[in-house]
Trainee: 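One structure coming up, written as structure tokens, with questions to follow.
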Amino acid sequence: DILRALPAEVAPLIDASGVEDISTQYVGVLHSALAAREGLSPPMIVQAPTPAFVDAFSDLGLFADLMKMEFRQ
């Protein structure tokens, strides 16, 4: 609900620097937020994603959606 309530001009910032494990449900929430923000640039910003964060999307076949996000270190 929080992600959906953000104004279109505000890209959500997800700090993924401490992700060691991420549930399928959490990936689903992020995927849903991306879909809701389709067409916005960037739809979401991910700060310092860990391999576990990236692998979770890949394992679920959502790598293409992951690449829609902007990554920052």
Trainee: Keeping to residues at least two apart or across chains, list the side-chain hydrogen bond (donor to acceptor under 3.5 Å, both in side chains) pairs with something in residues 51-70.
Mentor: H31-D65, D65-K68, E70-R72
Trainee: So, Q73 side chain and Q47 main chain: donor-acceptor pair closer than 3.5 Å or not?
Mentor: no
Trainee: Applying side chain to side chain contact (heavy atoms under 4.5 Å, CB included), run through R37 and L6 and close with a yes or a no.
Mentor: CA-CA 10 Å; R37 299 180 58 82; L6 285 175; 4.3 Å; yes
Trainee: Less than 4.5 Å apart, any side-chain heavy atom of P49 and any of V46?
Mentor: yes
Trainee: Do you know which two heavy atoms are closest between P43 and P12, and how far apart they sit?
Mentor: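 Distance-wise, the nearest heavy atoms are O-CD, 3.2 Å.
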Trainee: Would you tabulate the side-chain donor-acceptor contacts of residues 16-27 under 3.5 Å, counting partners in other chains and residues two or more places apart, or write 'none'?
Mentor:
residue: S17; atom: OG; partner: D15; partner atom: OD1; Å: 2.6
residue: S23; atom: OG; partner: Y26; partner atom: N; Å: 3.1

Trainee: Under the 4.5 Å side-chain heavy-atom rule for ILVMFWY, direct or indirect, which residues accompany I45?
Mentor: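 Members other than I45 - counting any ILVMFWY side chain reachable under 4.5 Å - are L13.
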Trainee: At what distance, to the nearest 0.5 angstrom, does CE of M69 lie from CG of L30?
Mentor: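 If we round to the nearest 0.5 Å, M69:CE and L30:CG are 5.5 Å apart.
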Trainee: Any ring pair (Phe, Tyr, Trp, His ring centres under 6.0 Å) involving residues 54-73? Give me the pairs, sequence neighbours left out, ordered by first then second residue.
Mentor: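 Output for this query lists F53-F57.
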Trainee: Under a single-linkage definition using a 4.5 Å side-chain heavy-atom cutoff for Ile, Leu, Val, Met, Phe, Trp and Tyr, are L60 and M67 assigned to the same hydrophobic cluster?
Mentor: yes
Trainee: Nearest heavy-atom pair of P42 and A11: which atoms, and what distance?
Mentor: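 Distance-wise, the nearest heavy atoms are O-CB, 3.5 Å.
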Trainee: Can you get from L34 to L62 by hopping between Ile, Leu, Val, Met, Phe, Trp and Tyr side chains that sit under 4.5 Å apart?
Mentor: yes
